[in-house]
Amino acid sequence: MTAAPIAVALDAPDLETAARWATLVTPHVSTVKVGLELYLRYGPDVVASVRGASRVQVFLDLKLHDIPATVRGAARAVARLKPSYLTVHAAGGPAMIREAVEAAPATKIAAVTVLTSLRDADLAAVGLEGPAPDAVLRLASLAVEAGAQALVCSPQEAAAVRAEVGPDITLVTPGVRPAGAAAQDQARIATPEAALAAGADLLVIGRPITGAPDPGAAAAGIAAALRRTSA
């Protein structure tokens with residue numbers, strides 16, 4: 001049975017919980033995601049802990065955003081951990097993205113366009129020309145031209161981004177919530193089925209899986225629903 005195109009966000013309070021969640025979900029999903037908080041608390045060892053003995057892909061979601069030389073050094077430092085994906089902020093500009101791509105050639109550099117927690121008013125407040133879908137498309141084009149192999153955008157923009165960048169770029173969509181799940185701090189969301197239909201390749205899902213009484217069963221249920229949809 002093929003693992004579902006889901007990256008489970010392991011936003012756990014400690015390393016043991018993150019590793020346990022990873023073990024429970026890896027029979028059902030392709031990828032586990034390590035975010036900034038977990039990485040800063042436990043360091044590079046967290047990657048080996050959540051990968052375990054499986055071949056699950058690791059999505060290292062550090063959202064690097066600094067001057068190009070610093071991002072080059074940071075990307076080179078984490079490349080030895082062999083993550084499948086590493087995030088950088090597209091707003092860091094073309095030179096920064098190129099440095100990350102060159103420093104981690106075996107890792108897909110995923111450029112984050114506009115955070116799924118941001119609304120149009122938030123973009124205006126920080127001086128970024130909106131509305132959000134327009135900003136996402138601008139940043140997506142910039143990032144792909146700079147060599148990014150993947151893009152992070154909300155599922156609401158996935159179809160437009162796919163049309164803009166073509167079929168060869170991996171689209172990663174956070175803000176994915178099964179029907180009936182709470183939006184929590186996400187503003188631009190969609191169901192897993194809708195995100196895939198819009199052109200997403202990898203769905204980031206956290207609390208609807210890890211907050212369930214049985215994360216493995218929750219992951220299996222969402223994976224089964226996706227298989228039914230794509231059948």
Side-chain angles (χ1 to χ4, degrees), residues 2-11 15 18-19 21-23 25-113 139-153 158 161-162 165-174 199-205:
T2 303
I6 294 171
V8 176
L10 302 175
D11 298 322
L15 188 58
W21 286 347
T23 299
V25 303
T26 48
H28 313 291
V29 305
S30 68
T31 309
V32 292
K33 185 174 84 71
V34 172
L36 189 60
E37 182 180 353
L38 200 62
Y39 189 83
L40 290 180
R41 185 177 294 157
Y42 296 105
D45 290 347
V46 70
V47 174
S49 295
V50 301
R51 183 180 279 138
S54 73
R55 294 186 177 182
V56 70
Q57 296 185 121
V58 174
F59 187 118
L60 195 51
D61 189 17
L62 301 185
K63 296 186 178 72
L64 301 178
H65 190 171
D66 212 311
I67 64 171
T70 298
V71 168
R72 168 182 275 275
R76 185 186 293 120
V78 299
R80 64 186 175 84
L81 303 173
K82 297 181 172 57
S84 295
Y85 300 90
L86 171 66
T87 51
V88 303
H89 269 293
M96 187 205 80
I97 295 167
R98 280 193 293 270
E99 293 287 3
V101 171
E102 292 171 7
T107 295
K108 278 190 176 182
I109 298 300
V112 177
T113 55
L139 290 167
S141 296
L142 174 153
V144 169
E145 288 173 8
Q149 305 100 326
L151 295 165
V152 182
C153 63
V161 171
R162 176 63 71 207
V165 303
D168 298 329
I169 301 298
T170 300
L171 293 192
V172 182
T173 55
D201 297 299
L202 185 63
L203 315 179
V204 178
I205 305 176

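The shown structure was predicted, so the numbers you read here are calculated from the model rather than taken from an experiment.
Pro174 approaches Cys153 most closely through the heavy-atom pair CD-O, 3.3 Å. The two residues Asp201 and Arg162 make their nearest non-hydrogen contact at OD2-NH2, 2.6 Å. The minimum heavy-atom distance between Val161 and Ala140, with the atom names listed, is CG1-CB, 4.2 Å. Contact between Thr113 and Val152 at its shortest, heavy atoms only, is OG1-O, 2.7 Å.
With a 4.5 Å cut-off on side-chain heavy atoms, Leu62 and Tyr39 count as touching.
If you take CG on Leu202 and OG1 on Thr173, they are separated by 7.5 Å, rounding to the nearest 0.5 Å. Leu81 CG to Asp45 CG: the interatomic distance, rounded to the nearest 0.5 Å, is 9.0 Å. Distance check, rounded to the nearest 0.5 Å: CG of Leu151 to CD1 of Ile169 gives 6.0 Å.
Applying the side-chain hydrogen bond (donor to acceptor under 3.5 Å, both in side chains) test to every pair with at least one member in residues 47-61, sequence neighbours left out, gives these pairs: Thr31-Gln57, Lys33-Asp61, Asp61-Lys63, Asp61-Thr87. Residue pairs meeting the side-chain hydrogen bond (donor to acceptor under 3.5 Å, both in side chains) criterion with at least one member in residues 74-85, sequence neighbours excluded, do not occur.
When each of Val204, Val112, Leu203 is tested with Val172 by the rule side chain to side chain contact (heavy atoms under 4.5 Å, CB included), just one qualifies, namely Val204.
The side chain to side chain donor-acceptor pair (under 3.5 Å) test applied to Asp11 returns no partner, not counting sequence neighbours. Applying the side chain to side chain contact (heavy atoms under 4.5 Å, CB included) rule to Ala18 yields the partners Leu10, Ala12, Leu38, Val50; only residues at least two apart in sequence or on another chain are considered. Applying the side chain to side chain donor-acceptor pair (under 3.5 Å) test to Glu145 and every residue at least two apart in sequence or in another chain returns nothing.
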Taking distance alone, no hydrogens or angles, what donor-acceptor pairs closer than 3.5 Å link side-chain atoms of residues 88-106 to residues at least two apart or in another chain?
unit_1, atom_1, unit_2, atom_2, d
Glu99, OE1, Arg72, NE, 2.3
Glu99, OE1, Arg72, NH2, 2.8
Glu102, OE1, Arg72, NH2, 2.8

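With Thr107 contributing its side chain and Pro83 its backbone, the two residues share a donor-acceptor pair below 3.5 Å.
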